Amino acid sequence: MVRRIEVTGSGGVRLAAWEFADPPKAGGRGRYGGGPVPGTDSRAGGVLLLHGLLGRAAHWAQTARWLSTRYRTIALDQRGHGRSDKPVSGPYVREAYVADAEAAIEQLGLAPVTLIGHAMGALTAWQLAARRPDLVRALVICDMRASALGAATQREWIQWLGSWPVPFATLADVRKWFGEDDPTLERPAPSRGDFYAEVMAERADGWRPLFFRRQMLQAREGYAHDAHWEELALVECPTLVVRGLDGALGRAEAQEMVRVLPRGRYAEVPDAGHLIHYDQPDGWRRVAEPFLEAAVPA
């Protein structure tokens with residue numbers, strides 16, 4: 001079952017939240033043994049999944065399905081993404097994204113919540129955990145750096161987004177360009193093509209992104225120039241830092257993040273790039289699930 005839930009974010013922005021499986025039923029029995037399905041006690045809280053820049057909630061569908069056997073699991077289309085509002089005037093700043101996640105947790109009754117974020121979504125997650133430790137029980141950071149990314153990377157993103165040959169005539173063209181023809185690729189990456197096919201919608205002239213590229217650059221501007229070590233050090237809950245061996249987060253920086261975190265743990269997924277949970281779902285589950293079972297016991 002897929003269910004869409006409306007959430008009102010900061011400034012009245014309408015956000016789309018999604019359940020990708022039937023939530024645990026109180027008193028029901030699940031695949032984890034003969035007792036009640038874990039996660040049905042309201043004190044256990046729920047899970048909120050936050051995608052990265054250019055992503056959407058549906059990228060978490062496979063993760064949400066195995067999590068939903070234990071916890072109520074919600075994936076959020078963040079402002080400017082997916083089926084959530086894309087206000088022309090924004091704002092697309094860090095404070096707005098954090099406030100949106102906070103609103104979702106409170107309106108959906110997920111606290112104390114486990115936050116799982118990828119890239120920009122991971123930054124939103126740890127900023128919220130630092131500011132509202134009362135709401136957050138555990139945290140998973142998936143391939144996001146704490147150091148400043150720099151002005152040069154922002155210029156590279158402007159050039160890259162401008163190079164997209166939109167509109168695409170077919171979804172097959174989307175998959176081929178992002179999985180094979182994109183000049184920034186070092187080698188073919190079919191799962192990357194699938195990832196970007198999921199953020200396209202058919203228009204009268206072909207397939208175009210569900211987001212506006214100008215707004216995405218505004219969102220990235222809000223974190224590209226700043227480091228986020230101080231907020232990381234304020235995260236009190238158990239936290240797992242996950243990187244792909246070929247991802248954006250280097251091993252030395254990831255291990256330093258774990259050192260800075262009061263209750264940090266480290267994991268890496270072989271053969272994974274930046275899109276760890278999407279292109280290596282089995283490896284992602286192997287590192288994330290044991291951490292969650294220990295940090296958020298049923």
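Because the structure is a prediction, the values reported are computed rather than measured.
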Is there side-chain contact between Glu198 and Tyr278, with heavy atoms separated by less than 4.5 Å? yes

Treat each ILVMFWY residue as a node, draw an edge where side-chain heavy atoms are under 4.5 Å apart, and state whether Trp126 and Leu149 are in one component. yes

Show the numbers, then the answer: is there a side-chain hydrogen bond (donor to acceptor under 3.5 Å, both in side chains) between Ser68 and Glu19? CA-CA 9 Å; Ser68 293; Glu19 285 182 314; over 6 Å; no

So which atom in Met216 and which in Gly80 form the shortest heavy-atom distance, rounded to 0.1 Å? CE-O, 3.5 Å

With the 4.5 Å side-chain cut-off for hydrophobic clustering, are Leu210 and Tyr196 part of the same group? no

Val287 versus Val269, closest heavy-atom pair with distance: CG2-CG2, 3.9 Å

Under-4.0 Å salt bridge between Arg243 and Asp143: no

Will you find, in the side chains of Gln78 and Ser84, an N or O donor that is under 3.5 Å from an N or O acceptor? no

Over all heavy atoms of both residues, which pair between Ala122 and Cys142 is shortest? Give the atoms and the distance, please. CB-N, 4.0 Å

Do Thr239 side-chain atoms and Val235 backbone N/O form a donor-acceptor pair below 3.5 Å? no

Indicate whether any N or O donor in one side chain lies under 3.5 Å from an N or O acceptor in the other, for Thr153 and Arg220. yes

Distance (rounded to the nearest 0.5 Å) between His81 NE2 and Lys86 NZ: 9.0 Å

Apply salt bridge (Lys or Arg N to Asp or Glu O under 4.0 Å) to residues Arg83 and Asp77 and explain how you reach the verdict. CA-CA 6 Å; Arg83 298 301 180 184; Asp77 276 337; over 6 Å; no

Please lay out, stage by stage, how Leu53 and Trp157 fare under the test side chain to side chain contact (heavy atoms under 4.5 Å, CB included). CA-CA 12 Å; Leu53 190 69; Trp157 266 70; 3.6 Å; yes

Before accepting this row, confirm whether a basic side-chain N of the pair Arg208/Glu202 lies closer than 4.0 Å to the acidic partner's carboxylate O. no

Calculate, to the nearest 0.5 Å, the distance between atoms CG and CZ belonging to Leu67 and Phe20 respectively. 12.5 Å

Kindly indicate whether the side chain of Leu232, heavy atoms from C-beta on, has any atom under 4.5 Å from the side chain of Glu256. no

Should the heavy atoms of other residues, nucleotides or ligands under 6.0 Å from CD of Glu236 be counted, would the total exceed 12? no

Can the ring centroids of Tyr97 and Tyr223 be said to lie less than 6.0 angstrom from one another? no

Where do Ser10 and Ala99 come nearest, in terms of heavy atoms and distance? CB-CB, 3.7 Å

Donor on one side chain, acceptor on other, Asp173 and Trp207, under 3.5 Å: no

Test side chain to side chain contact (heavy atoms under 4.5 Å, CB included) applied to Val199 and Leu54, step by step: CA-CA 8 Å; Val199 297; Leu54 311 186; 5.7 Å; no

Short N-O contact, Arg175 and Asp181, less than 4.0 angstrom: no

Please examine the side chains of Leu110 and Val47, heavy atoms only from C-beta on, and report whether any two atoms are closer than 4.5 Å. no

Donor-acceptor contact present, side-chain Tyr71 to main-chain Val113, <3.5 Å: no

Side-chain heavy-atom pair Thr73, Leu49 within 4.5 angstrom cut-off: yes

Evaluate the side-chain proximity of Met144 to Leu249: yes if any heavy-atom separation is below 4.5 Å, no if none is. no

Short side-chain to backbone donor-acceptor contact, Gln107 and Thr8, under 3.5 Å: yes

Report the distance from atom CH2 of Trp66 to atom CG of Leu292, rounding to the nearest 0.5 Å. 5.5 Å

Any ion pair linking Arg4 and Glu6 (charged N to carboxylate O, less than 4.0 Å)? yes

Does one hydrophobic cluster hold both Val242 and Leu245, with members joined at side-chain heavy-atom distances below 4.5 Å? no

With rounding to the nearest 0.5 Å, note down the distance linking NE2 in His277 to CG in Asp282. 14.0 Å

Let's go through Ile116 and Leu48 carefully: what are the C-alpha distance in whole Å and the side-chain angles of both, what is the deciding distance for side chain to side chain contact (heavy atoms under 4.5 Å, CB included) to 0.1 Å, and is it a yes or a no? CA-CA 6 Å; Ile116 301 178; Leu48 184 66; over 6 Å; no

Below 4.5 Å, heavy atoms only, C-beta onward: do Trp18 and Ile5 meet side chain to side chain? no

Would Trp177 and Trp164 count as a side chain to side chain contact (heavy atoms under 4.5 Å, CB included) here? Give the steps. CA-CA 9 Å; Trp177 195 84; Trp164 293 12; 3.7 Å; yes

From Gln127 CD over to Thr124 OG1, what is the distance, rounded to the nearest 0.5 angstrom? 6.0 Å

Using a strict 4.0 Å threshold on nitrogen-to-oxygen distance, state whether Arg192 and Asp279 make a salt bridge. no

Heavy-atom closest contact (Gly222 atom, Arg94 atom, distance): O-CG, 3.4 Å

If you define the side chain from C-beta out and look only at heavy atoms, does anything of Trp284 sit under 4.5 Å from Glu289? no

To the nearest 0.5 Å, tell me how far Leu15 CG sits from Arg79 CZ. 6.5 Å

Polar side chain donor-acceptor pair, Gln255 to Tyr266, under 3.5 angstrom: no

Do the side chains of Val241 and Val140 get nearer than 4.5 Å, heavy atoms only? no

Under 3.5 Å donor-acceptor, Ser89 side chain and Pro87 backbone: no

Side-chain heavy atoms nearer than 4.5 Å, only ILVMFWY residues, links allowed to pass through others: does that put Leu108 and Leu128 together? yes

So, applying ring pair (Phe, Tyr, Trp, His ring centres under 6.0 Å) with His118, which one of His274, His51, His59 is it? His274

Could you see if Val166 belongs to whatever hydrophobic cluster contains Leu217? Use Ile, Leu, Val, Met, Phe, Trp, Tyr and a side-chain cutoff under 4.5 Å. yes

Atom of Gly82, atom of Arg56 and distance for their closest heavy-atom approach: CA-CB, 4.3 Å

Arg132/Glu106 salt bridge by N-O under 4.0 Å criterion: yes

Between Phe178 and Phe168, is the ring pair (Phe, Tyr, Trp, His ring centres under 6.0 Å) condition met? List the steps. CA-CA 11 Å; Phe178 287 100; Phe168 294 92; 5.8 Å; yes

